[in-house]
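First comes the structure, then the notes that go with it.
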Amino acid sequence: MTQEQSQGLAELRAELDRIDDQILELIDRRLAASADIAARKDAEDDRHLKVRPKRQSQILDRLKARAKRAAPGLVEHVWREIMGYGLQAQARTELVLAPTDQPELLEARVKAYFGSAVPIRWAASTAHAIRSAMVGEAIAIIPEPLLESEGQLRMFDILHATDGRPVAYAVGRVAAEDIALEASAPVEKKPAEPREWSPASWRDRPAEQIVDYPDPDALARVERRLSGSESLVDIADIIHLRASLARVANGDAVMVQGGDCAESFAEFNADKVRVTYNLLLRMGALLRAASGGEVVHLARIAGQFAKPRSSSNETIGDVTLPSYRGDAVNGPAFTVAARTPDPKRLLDAHRQAKVTIELLQAYASASYADLPQVYREVGLSELPRPVAMFTSHEALLLNYEQALARYDDASEQWWATSGHMLWIGDRTRQLDGAHVEFARGVSNPVGLKCGPSLKTDDFLRLIDRLDPDNTAGRLVLIGRFGASNIAEHLPELMRATRREGRKAIWSVDPMHGNTRTVEGLKTRMVGDIVAEVRTFFEIAAAEGVHPGGVHLEMTGSDVTECIGGSVKLAREDLGRRYLTHCDPRLNEGQALDVAQAVAELLAQRAANRANAA
Ligand code: PEP
Ligand code: CO
């Protein structure tokens with residue numbers, strides 16, 4: 001970094017510090033003003049609670065409409081917190097919750113509404129909760145609407161799940177003119193319809209990692225062409241994958257997912273597809289021999305052409321250009337021409353994906369001939385059926401995904417036909433964001449990358465939104481914390497899914513939390529990767545969760561991008577064949593090392609279970 005750049009950065013950081021000071025000052029002033037109001041209210045009225053639901057919802061509506069950059073979810077979250085603290089400062093106001101079979105969900109909703117400062121107490125029954133609200137400085141949260149007010153006690157708002165379903169009703173001593181519900185609005189007793197979804201509904205949501213195309217008309221033309229194209233994958237095959245993943249969810253199978261970090265146009269050839277196919281097959285054979293159960297094979301291929309970037313620009317010397325975002329967006333060369341996003345690249349990506357899928361189908365039958373050999377190598381004697389190779393990629397480019405979404409009359413559902421499985425990246429998993437919105441409406445299996453910044457509340461809301469019916473085979477949670485972080489984060493999340501009876505699969509991506517820079521090159525240590533996988537298995541065993549699979553960045557070719565493994569690559573070797581355009585991949589030997597480690601963990605697990613039985 002030049003001196004000028006680091007000076008520029010230091011100034012920007014100083015600006016952030018000044019903004020934080022101002023925010024704090026304003027919060028202090030707001031709390032003081034609300035304390036003054038409370039003192040006056042006290043003098044006038046001691047029959048009612050200090051909470052004013054109607055005013056709160058007016059404030060939120062007004063701010064959401066004013067916000068330029070802040071998403072509605074952010075406004076909601078920050079102001080609910082501030083108002084929650086304000087309320088507690090005016091008068092300690094307790095929330096008394098009636099029993100429910102989803103206590104965590106209810107607590108999450110209550111905290112989202114009243115802020116995390118609120119004291120929560122569980123009542124023995126709905127009647128107890130209502131009684132507390134009648135006599136104390138308390139709000140009752142009850143499972144059924146209170147149809148008639150009793151004395152000062154009124155139902156003043158409905159708490160909703162993230163999909164719009166009402167989950168509980170808030171009742172307290174609130175003045176009639178203060179209740180948030182429209183007086184005339186009929187009380188919905190049955191679950192409300194979830195908000196409408198269409199393949200385009202993501203466009204109304206804030207989107208991270210959005211590509212700035214200089215020519216929107218050219219983009220629209222490309223979208224129209226893609227919309228008119230045939231599906232890349234068959235819906236029947238997607239349904240097949242869902243059924244296979246349902247067996248993973250039930251603990252009867254495991255999944256192995258892997259391939260390039262980013263596919264490249266320049267390096268594409270039939271042999272590369274074959275090598276990836278065979279590598280996944282051999283890894284799967286190792287897992288199958290160890291677990292004795294079915295293995296579901298998923299390649300990161302035929303659509304993995306776009307990358308989220310932590311910085312939208314790259315500066316070399318005194319030139320700043322848009323970052324490279326994958327071949328479907330722009331080119332890797334550091335020139336204006338290459339780095340300018342070009343929508344025609346979406347058509348090239350689509351064409352390459354189509355050829356890749358055809359090749360995979362051809363190899364599936366050709367490799368069937370090799371299968372006995374692959375299986376004999378690992379000591380399996382039975383002759384398996386041809387192995388299905390499913391495709392997967394990150395659903396990052398929503399213009400592309402929307403154009404390839406298809407309605408299927410037979411299932412009466414929407415499907416993404418760009419690949420069998422899509423996943424949502426760790427940088428684009430905002431609950432109210434565009435990527436989650438798109439994914440919730442298609443019926444494919446969907447993956448959700450879960451990194452260290454994911455909070456349990458948001459995590460549960462995301463699961464609710466993406467898999468509202470809790471269907472085995474729909475959702476794959478892909479932990480990617482890093483070897484040194486996984487033990488801090490994963491147990492709580494796994495506990496939450498188990499407690500809520502969630503059927504989502506847990507798998508581990510031991511790549512993206514273990515990237516480091518050695519002598520200017522991004523790399524990963526096989527030791528860290530194996531360590532994260534091992535910890536994943538340990539935590540899964542401790543939490544009583546099925547370790548559903550692994551997700552790797554790898555290539556069948558002989559690259560030198562990761563350090564370690566039985567091939568003993570050292571840091572000095574990195575420069576030799578460092579070919580990736582994005583993240584460092586395991587080479588063939590290293591990928592098999594990791595698969596071997598997973599196989600041993602699966603074998604150990606099978607042995608432990610047999611002993612316990
Ligand atoms: C990826 O899988 O290539 C990726 C970018 O992962 P994550 O979203 O988990 O960082
Ligand atoms: Co990557």
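Source: prediction; values computed, not measured. Atoms within each ligand, like the ligands themselves, are counted from 1 in listed order.
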Open item on the list: Can you tell whether the side chains of E314 and R309 come within less than 4.0 Å, N to carboxylate O?
Closed with: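 No, this pair does not count.
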
Which residue holds the protein heavy atom closest to [atom], what is that atom called, and what is the gap in Å?
atom                    : value
atom 8 (O) of ligand 1  : D426 N, 2.8 Å
atom 10 (O) of ligand 1 : R480 NH2, 2.8 Å
atom 3 (O) of ligand 1  : K307 NZ, 2.6 Å
atom 4 (C) of ligand 1  : H512 NE2, 3.3 Å
atom 6 (O) of ligand 1  : K449 NZ, 2.9 Å

- [ ] Using a 4.0 Å heavy-atom threshold (strictly under), name the region of P308 that reaches ligand 1: side chain, backbone, both or neither.
- [x]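 Looking at P308 and ligand 1, just side chain atoms fall under 4.0 Å.
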
- [ ] Mind checking whether M511 contacts ligand 1 via backbone (N, CA, C, O), side chain (CB onward), both or neither, at a 4.0 Å heavy-atom cut-off?
- [x]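 None of M511 does.
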
Per-atom contacts, ligand 1 versus [X] - under 4.0 Å to a heavy atom:
X    : value
G425 : 8 (O)
E553 : 1 (C), 2 (O), 3 (O)
R300 : 1 (C), 2 (O), 3 (O)

Open item on the list: Tell me which N, O or S atom from E553 is the closest to the Co ion (ligand 2).
Closed with: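 E553's closest N, O or S atom to the Co ion (ligand 2) is named OE2.
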
Task: the Co ion (ligand 2) - closest N/O/S atom in D583 - done: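 Among the N, O or S atoms of D583, the one closest to the Co ion (ligand 2) is OD2.
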
Open item on the list: Which residues pass the side-chain hydrogen bond (donor to acceptor under 3.5 Å, both in side chains) test with Y213, not counting sequence neighbours?
Closed with: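 Partners of Y213 by the side-chain hydrogen bond (donor to acceptor under 3.5 Å, both in side chains) criterion come out as none, since no residue qualifies.
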
Open item on the list: the Co ion (ligand 2) and C582: any N/O/S contact shorter than 2.8 Å?
Closed with: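 It does not: C582 brings no N, O or S atom closer than 2.8 Å to the Co ion (ligand 2).
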
Open item on the list: Tell me whether the count of non-hydrogen atoms from other residues, nucleotides or ligands lying under 6.0 Å of CG in N269 goes above 12.
Closed with: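 Yes - once you tally the heavy atoms of other residues, nucleotides and ligands closer than 6.0 Å, there are more than 12.
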
Open item on the list: Quick check on R203: does its CZ atom have over 12 non-hydrogen neighbours (other residues, nucleotides or ligands) under 6.0 Å away?
Closed with: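 For R203, atom CZ is crowded (more than 12 foreign heavy atoms under 6.0 Å).
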
- [ ] Would you mind reporting whether C562 and L569 have side-chain heavy atoms less than 4.5 Å apart?
- [x]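 Not in contact.
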
TODO: Say whether, by atom type as modelled, one donor and one acceptor occur between the side chain of E532 and the main chain of G482 under 3.5 angstrom.
DONE: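 At least one qualifying donor-acceptor pair exists.
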
- [ ] Measure up the H350 and Y400 rings against each other and bin them: parallel (under 30°), tilted (30 to 60°), perpendicular (over 60°).
- [x]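 Ring orientation, 0 to 90° scale: perpendicular.
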
- [ ] Using the six-membered ring wherever Trp is involved, compare the ring planes of H489 and F481 and label them parallel, tilted or perpendicular (cut-offs 30° and 60°).
- [x]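 Ring orientation of H489 relative to F481: parallel.
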
- [ ] Ignoring angles and geometry beyond distance, decide whether R427 reaches within less than 3.5 Å of ligand 1 through its nitrogen or oxygen atoms.
- [x]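 Yes, at least one N or O pair falls under 3.5 Å.
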
Task: Pairs where residues 575-590 contributes a residue and the test salt bridge (charged side-chain N to carboxylate O under 4.0 Å, His left out) is met, not counting sequence neighbours - done: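 For residues 575-590: D260-R585, R282-E588, K522-D583, R524-D583, E561-R585, D573-R576.
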
